[in-house]
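Just so it is clear, the model here is predicted, and its values are computed rather than measured. A note on names: the letters A, B, ... follow the listed sequences, proteins ahead of strands, and every chain is numbered from 1. Note that these values count all heavy atoms, side chains included, but never hydrogens, waters or copies made by symmetry.
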Amino acid sequence: MIPPPSEETAEQFRTRIRAELAAIVPTDWRSRMQGADEETYRKFQFWWLSELRRIGLATPHWPKEWGGPGLPFSHQIIVYEELARADAPELDLMVISLFHLPATLFQHGTLAQRHRYLEGVSSGTDVWCQGFSEPGAGSDLASLRTTAVRDGDHYRVNGQKIWSSQAMHADFCLLLARTDPVATRKQAGISYFILDMKSPGVTVRPIRQITGEAEFAEIFLDEVRIPTENLIGAENGGWDIAQSTLSSERGLLLLGYSERLSQAYDRDLESGRDSWMQDAGLRREFISFHAEILAIRAMIRALLHDIQKDSARGGSELPIYIKLFWAPLLQRFTEFLVRAEGLPAHAAELPTAGSGQISGARMTDFLKSFSWTISGGSNEIMRNIISERFVGLPRG
Amino acid sequence: MPDTELDALGEMFSDGLRKAWSIDNQMGVVGQQYSKGQADQLWESMAALGWPALIADEAYGGLGMGLNAAVRLYSALGAALAPAGIVGNLMATDLVASAGSAEQQEALLPGLADGSLRAGMAIDNRVLTLEKHRLDGASPLLVGDADANLIIFPATHGDRNGWLVIEPRRDGVKVDQWSSTDATRTFLQATFDETAIRPADWIQPLEFQRTANRLLRHACLALAADALGCGETALATAVEYLKARQQFGRVIGSFQALKHRVADHKTALFGAKHLLHRCAQDDDMADDALLNALSAKVFVTRSVAEVARDCIQLFGGIGFTSEHSAHLYLNRAKLTEALLGGNAAALDLAAHLMTAAR
């Protein structure tokens, strides 16, 4: 575990983290992961988490009482900057486990739930997924139809979930289901559950996406029993929990991604220096991304500052603006690189598992950017929220 | 200074301008500028509030604040569509304080701070060349009020590089207002005819390029800040209209085709604000300070020019009439985008700095 940063200045902390990461990041991990099969990928992800745990950075944003290092935000930022700088593998398999689950349980879980589930994530045995969207409930998530009917000491759950990242690897699922089919507002009849993916009646079918990878899956739920102690928050109170933890967690997740983007930008400058950077039009276009990357990093720091002062404020306007700034930026930037690089950008390459948003395979990265413009509330939903809730324009 | 205090400072500037400057001052015939009387009144109000003294050292009657505070003032000016002559004084203060001799600081800083000196300051670094201590030709564009009693611009003579500080009444100097499509600000241009230059007219820093970069950064942030205020107000007025105007039996702001554009503009301005305030916090000596400021200038002015363009479209017919203010924001935003040699040149310089540094 990391010693308390009290006696260490921020720069000393940075120097130490940098050295420790340099010692453990395998230089050849990208080539090893390119085209890796699922079992190899899974093993590698758990191995990398355990390496990070050795230097106390498996869960850098978690509080001390739950096995995190209890770092102040200033130090967390340094950790993510240094992970990006070291070009460390991304823990793509554990995004829900490391970010959404703790945010949900820290704020809304019972003590028993925190004890039962957080350890499994930080010690690297459990993978979590999220069961929110349904075939008929995408942007209109609140219209979801998976039902959970109370039956003694458990709920009986029936329905179908879709776009669940990593569900085929998952041990548990954060599940939204309807507990009150006649609630006056459809949002008011939804509850938030912990689902054990090994329960009888759970079937998972992977979905191959436009990049060729299968990161998502469908989950079919047929008379699945969920014990009542697996309800998070109050019955029918699931909607607000899902909303608040989703948006604030996105900030922390994006801290890592935006630092990666910034590092990738510097690498692209190097790789393009003697080729497409010679073209004035492409050069100007590339240089203009510098401002946007600075802007998104500044917005994310402002969000972290807000969360640190008052965790509820993290659920306010900033995360929505950040998402609508980030998603199109990532898409335009990855598209630009396809265009700048020309034909080589289109050569078929096997995807590199665990490479986050920026693998360096230009077309793959561009195609992957749609996961940000569509999922977690599409750009269009973000525009509705901003114009209606923040600007005050009337609903259509 | 923490962000919350800077935010409060910005609010104070906006409040002050609400009292001292009315948009009606701009609403004459198209292309007609506010009157000299209105501009003088504004200058007196600002001087009384101590705004020209914002960044000067306390030893010279200044408030001793930084460029990040000045940026809040510049945004308030843009938001109010107010004349920007005070930018000339603050940039001149920056120059004299960082590169002037002790005598020059003594002679100029108190007057620049109390508003008795009004500087027309070169907004970019185009350098005039002297022959035999005489000056001919035209100055670069100067930011300042029509009544400027000092003009300041970069020049070179033999192996001497620096800035000339000249009074406009000197023989062989003629200062004209540059009449632009932006009727809300005044820019000046001086022409010289065999103008005699004395050694005392020179401000000569040890490192010319370092001072030039410092002033260029100041200009970039000033323009980006002006644009941000301008864009935020333009969009706010358009939003008010979308909430009130009815067609097809409903408020037009309820149409997704319009409100999604508003959301995109809000997001761009939100990012622009964080970018600008982030770049204004850079240490002036930091490696990337100028690169960041140039990038901010380009991004903010481009974004705002697009917002101001779309605001006229959102207003529809009324936005196309000269009685309405929408065009004032667009004209101001487009000029801001074009200043400093335009955004393509700014990107080229940024590219040069970036490739040289890495």
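Looking at His290(A) and Met354(B), their side chains come closer than 4.5 Å, going by heavy atoms from C-beta outward. Looking at heavy atoms from C-beta onward, Lys266(B) lies out of side-chain contact with Phe390(A) at the 4.5 angstrom threshold. The shortest side-chain heavy-atom distance between Phe270(B) and Leu318(A) falls under the 4.5 Å cut-off. No side-chain heavy atom of Thr267(B) sits less than 4.5 Å from a side-chain heavy atom of Met382(A).
In this structure, no portion of Ala346(B) lies under 4.5 Å from any heavy atom of chain A. When heavy atoms are compared at a cutoff of 4.5 Å, Val262(B) approaches chain A solely by way of its side chain, counted from C-beta outward. Using a 4.5 Å cut-off between heavy atoms, Arg250(B) touches chain A through its side chain atoms alone. For a residue to count as touching a neighbouring chain, one of its non-hydrogen atoms must lie under 4.5 Å from one of that chain's; by this rule Asn292(B) touches chain A with backbone and side chain alike.
Heavy atoms only, all atoms of each residue included: Ala296(B) and Ala291(A) are closest at N-CB, 4.5 Å. When all heavy atoms of Arg395(A) and Lys259(B) are compared, the closest pair comes out as CA-NZ, 3.6 Å. The minimum heavy-atom distance between Asp264(B) and Arg383(A), with the atom names listed, is OD1-NE, 2.7 Å. Considering every non-hydrogen atom in both Ala350(B) and Ile287(A), the closest pair reads CB-CG2, 3.7 Å. Looking at every heavy atom in both residues, Cys279(B) comes nearest to Leu294(A) through SG-CD1, 3.9 Å.
Contact count versus chain B (heavy atoms, under 4.5 Å) is highest, among Pro394(A), Ala295(A), Ser387(A), Ala280(A), for Pro394(A).
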task = Let me see the working for Asn379(A) and His260(B) under side-chain hydrogen bond (donor to acceptor under 3.5 Å, both in side chains), right down to the final yes or no.
result = CA-CA 10 Å; Asn379(A) 287 355; His260(B) 278 196; over 6 Å; no
